[in-house]
There are 2 protein chains.
Amino acid sequence: MVIQELSEAEADAIFRALADSTRRDILRRAIRHEQSISSLAERYTMSWAAVQKHVTVLERASLIVKERRGKEQIVRANLDSVRRASLLLDQFEQLWHERFDRIGDILGSPAEAPTDTGVPLDSAPSDTAPPDKEGTER
Amino acid sequence: MVIQELSEAEADAIFRALADSTRRDILRRAIRHEQSISSLAERYTMSWAAVQKHVTVLERASLIVKERRGKEQIVRANLDSVRRASLLLDQFEQLWHERFDRIGDILGSPAEAPTDTGVPLDSAPSDTAPPDKEGTER
DNA sequence: GTAACGTACAACCAAATGGTTATACAAGAA
DNA sequence: TTCTTGTATAACCATTTGGTTGTACGTTAC
């Protein structure tokens, strides 16, 4: 199983969704067993609408899926998104290892690095990539 | 290696910091090699101050560490925090597996028994925990 | 010394977040 | 039918976020 890689926007959504303890809690409950939004909302002191919004955030991040069952919306966790996020974190770890695989960690690609003047300790290994956003990154 | 577990607030900070593509990019660069804030800022079209703010967010999340070197602040990645986040994601996965270890997966566990701090494998795992934002939260 | 560099931070702004209450509607139960 | 439950959404509000410009300050280069 390969598990699709995350686009930058998807990664944004997933990590954002995970960056709130209430939402992490909702996700845990949804993982333990599917349940309606209302039964979820009962567990919190905040308003039903607030919980609903959290569910929506989780849904937009694909961390959960809603499924209508009669008059209820059943919330089900989608572990694939969790795994994708996990994979992205693994890539950071990978970069870390690659750093030490580079012999010396000094004087990397001589290619361009037109004015990497300063920073003698670490010239530009593979860093000469397109600077700004647009997720290019490896 | 045990790797400290994350408090809710730390988890908030880490995932929040990761929920922005510019910050993930900065983190990747910092992982590849330590460098000053200015050399990082050169890679982006946004203002220096904006990059500085992103660095601060990453620092508060302990994803990077700053270290003064002469007049420069050197930004260094702290992979431990990445690993902690990874571990938290693993716990979701773990919950998922426990769900199917429970014989039956009886849904709708009413779950009131407010004492089960031990994550029983059967009925309601730790579902009864004070879900809401306890003291700490924002 | 002065100049340039790297950094820090304040003040400001628009947009997004996280919460509230209130209203509306469909499905089941009585 | 009416009542209740579960859901959805709008309007509103305070705070945070992500960006800007401007100012200030210590360190290094000249």
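Chain letters run A, B, ... following the sequence lines, proteins first and then strands; every chain starts at 1. Atoms considered below: every heavy atom in the structure, side chains included; atoms not considered: hydrogens, waters and symmetry mates. Model, not experiment: these values are computed from the prediction.
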Spacing of [X] atom [atom1] relative to [N] atom [atom2], expressed in whole Å:
| X | N | atom1 | atom2 | answer |
| --- | --- | --- | --- | --- |
| B/Gln73 | C/dC9 | CD | P | 10 Å |
| B/Met46 | C/dC13 | CE | P | 21 Å |
| A/Ile37 | D/dT5 | CD1 | P | 17 Å |
| A/Glu72 | C/dA29 | CD | P | 11 Å |
| B/Leu18 | D/dT17 | CG | P | 15 Å |
| B/Glu59 | C/dA8 | CD | P | 8 Å |
| B/Gln35 | C/dC5 | CD | P | 19 Å |

* For DNA chain D, whose closest nucleotide is more 5', that of B/Arg60 or that of B/Trp48? -> B/Arg60
* Structure fact -> Between A/Gly70 and A/Ala49, whichever has its closest DNA chain C nucleotide further toward 5' is A/Ala49
* **A/Arg68 or A/Val51, whichever maps to the more 5' nucleotide of DNA chain C** => A/Val51
* Name the nucleic acid region contacted by A/Ala41, choosing base, sugar-phosphate or nothing; use a 4.0 angstrom heavy-atom cut-off, strictly under. => nothing
* Assign B/Ser47 to base, sugar-phosphate, or nothing according to its heavy-atom contacts below 4.0 angstrom with the strands shown. => base
Taking 4.0 Å as the cut-off, does a side-chain nitrogen or oxygen of [X] come that near to OP1 or OP2 on [N]?
| X | N | result |
| --- | --- | --- |
| B/Arg23 | D/dG18 | yes |
| A/Arg16 | C/dG18 | yes |
| B/Ser38 | C/dC5 | no |
| A/Lys71 | D/dT4 | no |

* State, yes or no, whether a side-chain contact exists between A/Arg60 and A/Arg16 at a heavy-atom distance under 4.5 Å. => no
* To do: Mind running side chain to side chain contact (heavy atoms under 4.5 Å, CB included) on A/Ile31 and B/Arg99 for me, showing each step along the way?
  => CA-CA 8 Å; A/Ile31 290 175; B/Arg99 170 175 170 175; 5.5 Å; no
* Asked: Checking salt bridge (charged side-chain N to carboxylate O under 4.0 Å, His left out) for the pair A/Glu67/A/Arg76: CA distance, chi angles, key distance, verdict?
  -> CA-CA 8 Å; A/Glu67 184 184 319; A/Arg76 189 156 43 78; 3.0 Å; yes
* Residue pair B/Glu42, B/Gln35: steps toward the side chain to side chain contact (heavy atoms under 4.5 Å, CB included) verdict -> CA-CA 11 Å; B/Glu42 283 171 13; B/Gln35 57 196 294; over 6 Å; no
* Should B/Gln73 and B/Val55 be marked as a side chain to side chain contact (heavy atoms under 4.5 Å, CB included) after you check the CA-CA gap, both sets of side-chain angles, and the distance that decides it? -> CA-CA 11 Å; B/Gln73 277 286 29; B/Val55 168; over 6 Å; no
